[in-house]
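Report on one structure; see the data block that follows.
Each chain gets a letter, A, B and so on, in the order its sequence line appears, and its residues count up from 1. Computed over heavy atoms, backbone and side chain alike; hydrogens, waters and symmetry mates excluded. Since the structure is predicted, the reported quantities are computational estimates derived from the model, not experimental observations.
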2 protein chains.
Amino acid sequence: MAINKKEEFTVEEQELAEFAKAIAHPARIAILKVLAQKQSCICGEIVEVLPLAQSTVSQHLKELKNAGLIQGTIEGAKSCYCIDPEKFRRFRTTFDTLFALVKNSGCC
Amino acid sequence: MAINKKEEFTVEEQELAEFAKAIAHPARIAILKVLAQKQSCICGEIVEVLPLAQSTVSQHLKELKNAGLIQGTIEGAKSCYCIDPEKFRRFRTTFDTLFALVKNSGCC
DNA sequence: AATGTATATCGCAAATATACGATAGGATTT
DNA sequence: AAATCCTATCGTATATTTGCGATATACATT
């Protein structure tokens, strides 16, 4: 049981689900907001602002990076994370495709 | 460990995370598409189309219902599910608020 | 009343996510 | 060179999600 059946859906469905999962936690939304506001990309500042341990924040950053919504590069001793607006546009396009289908759906 | 820290974020962040979680699985996206296309709301047809057991589909429907993205009413012996466009608009608005912050975010 | 049909829920197993402390390793500072 | 700082990763505990079969329930049909 609990076999992974995700592969049996379309690529678009899987892609949108992946994006959605990336922002399916308030901590990760908060991280994105911090990155957007600061315009710069200091990891340590995120840890300071969030009510989570450093290791937990690092894990959330990794998930956002895996989904492609942020990029991370090593900047000397520190790590520099920043939003990938391109991927975010793709996220919105994919979501809007679903929304377009759904928005005029009548109810019984 | 693994204490739930979600409460420590803003209501908006929690709300968007909830919506996102609802569509964070390809099966649930597929269900929404079926409901949107058919315009009517027959649960049995969803089970036929998806590569999942009836009980699993029922569970996914429950999660979509909990998130408010669909409504479900008992229609005789059958159950009638349909999309709630109002909630979906709210989803999009909440997402767009994040997107607006993020879209012009420069990178290092 | 008995049978069949449709759907929800229970109980379980496996997988994944969440969270932390400890630790490792690479820079920077002293 | 040693100490310190920053961040990633490992190990671990717990919680949640995913999936199914079996069962219960509610209506429909015979």
Check whether any side-chain nitrogen or oxygen of A/H25 sits under 4.0 Å from OP1 or OP2 of C/dA19, and answer yes or no.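 Checking C/dA19 against A/H25, a side-chain N or O does come within under 4.0 Å of OP1 or OP2.
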
Side chain of B/Q59 - closest among D/dG21, C/dA19, D/dT18: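 From the listed options, D/dT18 comes nearest.
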
Residues in residues 12-23 of chain B with a heavy atom under 4.0 Å of DNA chain D, by number, are B/K21

[X]: partners by side chain to side chain donor-acceptor pair (under 3.5 Å), with sequence neighbours left out:
X     : answer
A/T10 : A/E13
A/D96 : B/R92
B/K5  : none
A/E86 : A/R89

Pull out every protein N or O sitting under 3.5 Å from an N or O of nucleotides 4-8 of chain C, one pair per line with the distance.
{"residue": "C/dT7", "atom": "OP1", "partner": "B/S79", "partner atom": "N", "Å": "3.4"}
{"residue": "C/dT7", "atom": "OP2", "partner": "B/G44", "partner atom": "N", "Å": "3.1"}
{"residue": "C/dT7", "atom": "O3'", "partner": "B/S79", "partner atom": "OG", "Å": "3.2"}
{"residue": "C/dA8", "atom": "OP1", "partner": "B/S79", "partner atom": "OG", "Å": "3.1"}
{"residue": "C/dA8", "atom": "OP1", "partner": "B/Y81", "partner atom": "OH", "Å": "2.5"}
{"residue": "C/dA8", "atom": "OP2", "partner": "B/S58", "partner atom": "OG", "Å": "3.0"}
{"residue": "C/dA8", "atom": "N7", "partner": "B/Q54", "partner atom": "NE2", "Å": "2.9"}
{"residue": "C/dA8", "atom": "N6", "partner": "B/Q54", "partner atom": "OE1", "Å": "3.0"}

Please identify each residue that fulfils ring-ring contact (aromatic ring centres under 6.0 Å, His included) with A/F9, with sequence neighbours left out.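 None.
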
Could you list the residues that satisfy ring-ring contact (aromatic ring centres under 6.0 Å, His included) with B/F95, not counting sequence neighbours?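 Testing B/F95 for ring-ring contact (aromatic ring centres under 6.0 Å, His included), a comparison that skips the adjacent residues, returns A/F91, A/F95.
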
Name every donor-acceptor pair, under 3.5 Å, that has one atom in a side chain of residues 15-32 of chain B and the other anywhere in the protein, sequence neighbours excluded.
{"residue": "B/E15", "atom": "OE1", "partner": "B/R90", "partner atom": "NH2", "Å": "3.0"}
{"residue": "B/E15", "atom": "OE2", "partner": "B/R90", "partner atom": "NE", "Å": "2.8"}
{"residue": "B/H25", "atom": "ND1", "partner": "B/A27", "partner atom": "N", "Å": "3.0"}
{"residue": "B/R28", "atom": "NE", "partner": "B/A22", "partner atom": "O", "Å": "2.7"}
{"residue": "B/R28", "atom": "NH1", "partner": "B/H60", "partner atom": "ND1", "Å": "2.9"}
{"residue": "B/R28", "atom": "NH1", "partner": "B/E63", "partner atom": "OE1", "Å": "2.9"}
{"residue": "B/R28", "atom": "NH2", "partner": "B/K21", "partner atom": "O", "Å": "3.1"}

B/K6 or B/T56, whichever maps to the more 5' nucleotide of DNA chain C: B/T56

Surrounding NZ of A/K78 (heavy atoms of other residues, nucleotides or ligands, distance under 6.0 Å), is the total greater than 12?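 No, the 6.0 Å shell around NZ holds no more than 12 heavy atoms from other groups.
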
Checking B/T97 side chain against B/T93 main chain: does a donor-acceptor pair fall under 3.5 Å? yes

Just report the end-to-end axis angle for the helix from C/dA1-D/dT30 to C/dT30-D/dA1, five pairs per end, to 10 degrees.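 For the helix from C/dA1-D/dT30 to C/dT30-D/dA1, the axes at either end differ by 10°.
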
Contact check, side chains of B/V47 and B/L52, non-hydrogen atoms, under 4.5 Å: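 A side-chain contact under 4.5 Å is absent here.
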
